[in-house]
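Presented below is the structure to which this report refers.
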Amino acid sequence: MIERFLRKNIVNLNYHLTMGFLESKSIFPTDDEAIIITNFLKENVNFILNDSNYIYNLKGMIREDIFNGILHLYNEYKNRYLN
């Protein structure tokens, strides 16, 4: 059910939403990083939901501390909602 919700609503994601969410979790990307993250999520949602290693493709596109924060959130939410 969560996966279907994410796939259906990912089209509404924009970098302002991404930035606001990440900042609420004390992760502070630049505007450019928020755009990269948003585009990565929108283009790869199926891969990200099905392959937990796919998130590592984002590494190197954004600063290391931002990636590590996202990876932590990804693992936390994946364990909570998708397992």
Side-chain angles (χ1 to χ4, degrees):
M1 184 166 115
I2 295 291
E3 289 180 40
R4 186 175 34 210
F5 174 81
L6 289 173
R7 285 186 177 104
K8 181 179 177 186
N9 290 290
I10 194 78
V11 297
N12 299 320
L13 185 64
N14 63 54
Y15 87 96
H16 295 289
L17 292 171
T18 300
M19 180 154 320
F21 173 75
L22 291 176
E23 287 178 350
S24 77
K25 301 298 181 183
S26 299
I27 300 169
F28 301 97
T30 63
D31 285 350
D32 289 341
E33 287 172 322
I35 292 167
I36 289 168
I37 295 162
T38 301
N39 290 339
F40 181 82
L41 293 172
K42 288 175 87 167
E43 293 168 5
N44 299 294
V45 67
N46 291 321
F47 296 112
I48 294 166
L49 290 172
N50 293 317
D51 179 2
S52 60
N53 290 321
Y54 200 84
I55 195 75
Y56 285 95
N57 290 333
L58 185 58
K59 191 171 186 168
M61 299 171 138
I62 55 177
R63 289 175 290 157
E64 189 74 20
D65 60 322
I66 302 301
F67 174 78
N68 289 335
I70 290 171
L71 181 61
H72 174 78
L73 287 175
Y74 172 76
N75 287 326
E76 179 182 331
Y77 289 125
K78 184 175 184 296
N79 288 333
R80 186 180 304 165
Y81 297 110
L82 298 176
N83 285 335

query = Do other residues, nucleotides or ligands put more than 12 heavy atoms under 6.0 Å from the OH atom of Y77?
reply =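 Yes.
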
Looking at every heavy atom in both [X] and [Y], which two are closest together, and how far apart are they?
{"X": "L22", "Y": "P29", "value": "CD1-CG, 3.9 Å"}
{"X": "Y15", "Y": "T38", "value": "CA-OG1, 3.3 Å"}
{"X": "N12", "Y": "L17", "value": "O-CD1, 3.7 Å"}
{"X": "T30", "Y": "R63", "value": "N-NH2, 3.8 Å"}

ILVMFWY cluster, [X] and [Y] together (side-chain gap under 4.5 Å):
{"X": "I70", "Y": "M19", "value": "no"}
{"X": "I48", "Y": "I35", "value": "no"}
{"X": "L41", "Y": "F28", "value": "no"}
{"X": "I27", "Y": "L71", "value": "yes"}

Distance, nearest 0.5 Å, that separates CD of E33 from CE of M61 =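 Nearest 0.5 Å value for the CD-CE distance: 12.0 Å.
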
query = Quick one: CG on L6 to OH on Y81, what's the gap to the nearest 0.5 Å?
reply =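 One gets 10.5 Å once the value is rounded to the nearest 0.5 Å.
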
task = Under the side-chain hydrogen bond (donor to acceptor under 3.5 Å, both in side chains) rule, collect the residues that match up with R80, sequence neighbours excluded.
result =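 Here the qualifying residues are E76.
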
inquiry  = Enumerate the side-chain hydrogen bond (donor to acceptor under 3.5 Å, both in side chains) contacts for residues 39-48, please, sequence neighbours excluded, ordered by first and then second residue.
reply    =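 Qualifying pairs: R7-N46, N44-Y54.
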
key: Side-chain donor/acceptor of D51 to backbone N/O of F47, under 3.5 Å   =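 Judged by distance alone, no pair lies under 3.5 Å.
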
key: Close side-chain approach of N68 to E64, heavy-atom, < 4.5 Å   =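 They are in side-chain contact.
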
